[in-house]
Amino acid sequence: MSNLIDIFYERGFIEQTTHGDELKEYLDQDNITCYIGFDPTASSLHVGSLVPIMSLAHIQKLGHRPIALVGGGTGLVGDPSGKTETRQILTPEVVEENAIGIKKQLSRFIDFSEGKALLLNNADWLTKLKYIPFLRDIGRHFSVNRMIKAESYKMRLESEEGLNFIEFNYMLLQAYDFLQLFKNYGCRLQMGGSDQWGNIVSGIELVRKMCHETVFGITFPLITTSSGAKMGKTVKGAVWLDSERTSPYEYYQYWINTDDKDVARFMALYTFLPIDEIREIEKLENADLNMAKTVLAFEATQLVHGREEASKAYHAAASMFGGCAVSENILPSSSVHRDMLDVDDVSVPHSFFVIDQLREGIPAFKIFHTVGLASSGGAARRLIEQGGAYINAKRIQSFEQQITEKDLDDNGTIVLRSGKKRFHIIKIKK
RNA sequence: GGUGGGGUUCCCGAGUGGUCAAAGGGAACAGACUGUAAAUCUGUCGGCAAAGCCUUCGGAGGUUCAAAUCCUCCCCCCACCA
């Protein structure tokens, strides 16, 4: 069995580690405990958090114990690391609510039953701290001279906005978390994004100073697309793991639209497919890569939303864009559908109209705005003028063209399309 | 607290009385080429059933035929000094 660290390296999870060989030796042991902190800034995680989540899942697969630490306490302070602006400070109620949402999503990836993994909240210990004892016991181990040199504070110290005192304390709190988890759960490894390096190292040092023990740290690279954008950021905002915020269809589409150059890299990071099979798809060229993208989208959607939703999104995509079955010899371990089944378009964005509305007729530009394919009537007019609006696959010629019941197709629906990719189906309310 | 510099449309940023729905860049959207990819070229990019009208330049008032631009008060940010 490969060492955890080997798996991480070959799948692209490692930016930096502490201790080199010593860490590798530690990871050869059974039943290690490892933690990652998650910010409770929203009630849902998004694609940007997938790397940490996947890393914990890998760890659990090897029989170790992951701890997901919800930052209920640190969320009250706000991590300035790598941030250009002061974080909005959350109320305890909001943090609590968000923590619940986050656990639900983590449970898709990590088995929390029977203590196989733990979900902890640092509010449990941080909010009980007393200022003077904390300063005397913990604060004394931190050198301000060193802290202000930390990369994580640098950006803010040099910025116009500056760094305020509450944020300056953040590093101590995260270091204290590691100390607590080490003492109470025997946790010797903390992982996190590359912006967490300073916080992780300060925890390692705190444990060494107070307990004279060695603990370890690993950071993940900041994953960007080949065009340089952060993962999971789109115009409409983040790509969320919560189906209420980002539908499985949209989620699937996000992955389908992966840049050619990113397919293999993302597959290694965001699916559990064997690395050997992923290396094979690097050889694919041109349109064949689209099959690999289908697998990536399907697997990624399945992990977050389950097989049923992934299948729906798959079939919806096939019905709208025209499908192309994934060949048997591409990524054989994937459970993606290998043949085209009956088309099922339920997950394509849709809305219901009353038949009377269509009897009267609705001008084309109006309907595009109403269903959300255009942000305003003016935008819809422009869209139509530029030839980017389609009804049942036919280009709309005039923005005043009336959409009526005559436009209903054999299935009793109207398919609207904006540009090449954005679909909306109109159905009749019975 | 003092002095100085600022707040412009999604973001950056020009504009210092009419020619301003506001330069330029980025992002985004559409078209062409394609493979639901990238790159490139072209066009669009406040709202409105629209050759017109309406609302925007931190906020509230005022001057003027006319204000993003001038005046008054207020709010916020930054730098230096204390």
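Letters go in sequence order (proteins before strands), and every chain restarts at 1.
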J.: When rounded to the nearest Å, what value does the distance between P atoms of B:C45 and B:U36 take?
T.: 29 Å
J.: Please tell me which of the listed nucleotides, B:C33, B:A38, B:U36, lies nearest to the side chain of A:K420?
T.: B:C33
J.: How is A:N257 classified with respect to the nucleic acid when contacts are heavy atoms under 4.0 Å: base, sugar-phosphate, or nothing?
T.: base
J.: Would you please indicate yes or no on a ring centroid separation below 6.0 angstrom for A:F399 and A:F368?
T.: no
J.: Is it the case that the base of B:G35 and the side chain of A:D288 share a donor-acceptor contact (distance under 3.5 Å, atom types as modelled)?
T.: no
J.: Aromatic rings A:F13 and A:F8: how do their planes relate, parallel, tilted or perpendicular, breaks at 30° and 60°?
T.: tilted
J.: Report yes if at least one side-chain N or O of A:K261 is closer than 4.0 Å to OP1 or OP2 of B:A39; otherwise report no.
T.: no
J.: Just by modelled atom types, is the A:G387 backbone N or O under 3.5 Å from a matching donor or acceptor in the A:R395 side chain?
T.: yes
J.: Using both distances under 3.5 Å as the test, list the Watson-Crick or G-U wobble partner of B:G17, or none.
T.: none
J.: Any residue in residues 384-396 of chain A with a heavy atom nearer than 4.0 angstrom to RNA chain B? Just list them by number, or reply none.
T.: A:Q386, A:G387, A:G388, A:Y390, A:R395
J.: Could you list the residues that satisfy side-chain contact (heavy atoms from CB on, under 4.5 Å) with A:D356, not counting sequence neighbours?
T.: A:V354, A:R359
J.: Before you tell me yes or no, could you show the steps for A:K209 and A:F142 under side-chain contact (heavy atoms from CB on, under 4.5 Å), namely the whole-Å CA-CA distance, both residues' side-chain angles and the distance that decides it to 0.1 Å?
T.: CA-CA 10 Å; A:K209 285 176 182 165; A:F142 287 80; over 6 Å; no
J.: Between C1' on B:U36 and CZ on A:F321, what's the gap in Å once rounded to a whole number?
T.: 5 Å
J.: Using a strict heavy-atom distance below 4.0 Å, which residues from residues 289-311 of chain A are in contact with RNA chain B?
T.: A:N290, A:K293
J.: For the C1' atoms, the ones on B:G18 and on B:U63, what distance do you get once it is rounded to whole angstrom?
T.: 16 Å
J.: Applying a 4.0 Å non-hydrogen cut-off, can you work out what A:L383 is touching in the nucleic acid: base, sugar-phosphate, or nothing?
T.: sugar-phosphate
J.: Between A:K312 and A:E309, is the closest basic N to carboxylate O distance under 4.0 Å?
T.: yes
J.: Would the A:H58 and A:F272 ring centres measure less than 6.0 Å apart?
T.: yes
J.: Between B:A67 and B:U55, how far is it from one P atom to the other, in whole Å?
T.: 12 Å
J.: Report which part of the nucleic acid A:S226 touches: base, sugar-phosphate, or nothing (heavy-atom distance under 4.0 Å, all strands).
T.: nothing
J.: Among all residues two or more places apart in sequence or in another chain, which pass the salt bridge (Lys or Arg N to Asp or Glu O under 4.0 Å) test with A:R265?
T.: A:D262
J.: Hey, is the main chain of A:K116 close enough, under 3.5 Å, to the side chain of A:Q60 for a donor-acceptor pair?
T.: yes
J.: Report the C-alpha separation of A:S44 and A:Q105 in whole Å, then their side-chain angles, then the decisive distance to 0.1 Å, and conclude whether the side-chain hydrogen bond (donor to acceptor under 3.5 Å, both in side chains) test is met.
T.: CA-CA 8 Å; A:S44 172; A:Q105 285 167 0; 3.0 Å; yes
J.: With C1' as the reference atom in both, quote the distance from B:U69 to B:C20 in angstrom, rounded to an integer.
T.: 11 Å
J.: How far, in whole Å, is B:G6 from B:C54 if one measures between their P atoms?
T.: 34 Å
J.: According to the Watson-Crick and G-U wobble definitions, with both distances under 3.5 Å, which nucleotide is paired to B:G24?
T.: B:C12
J.: Could you encode protein contacts along nucleotides 47-54 of chain B as a string, one character per nucleotide from 5' to 3', using B for base contact, S for sugar-phosphate-only contact and - for no contact, with a heavy-atom cut-off of under 4.0 Å?
T.: SSBB----
J.: Go ahead and name the base partner of B:C80; Watson-Crick or wobble counts if both distances stay under 3.5 Å, otherwise write none.
T.: B:G2
J.: Using atom P of each nucleotide, how far apart are B:G17 and B:C78 to the nearest Å?
T.: 30 Å
J.: Can you name the side-chain hydrogen bond (donor to acceptor under 3.5 Å, both in side chains) partners of A:R108, sequence neighbours left out?
T.: none
J.: Could you walk me through whether A:L120 and A:Y35 pass side-chain contact (heavy atoms from CB on, under 4.5 Å), step by step?
T.: CA-CA 10 Å; A:L120 303 174; A:Y35 103 89; over 6 Å; no
J.: Can you tell me how far C1' in B:A60 sits from the matching atom in B:A51, rounded to whole Å?
T.: 37 Å
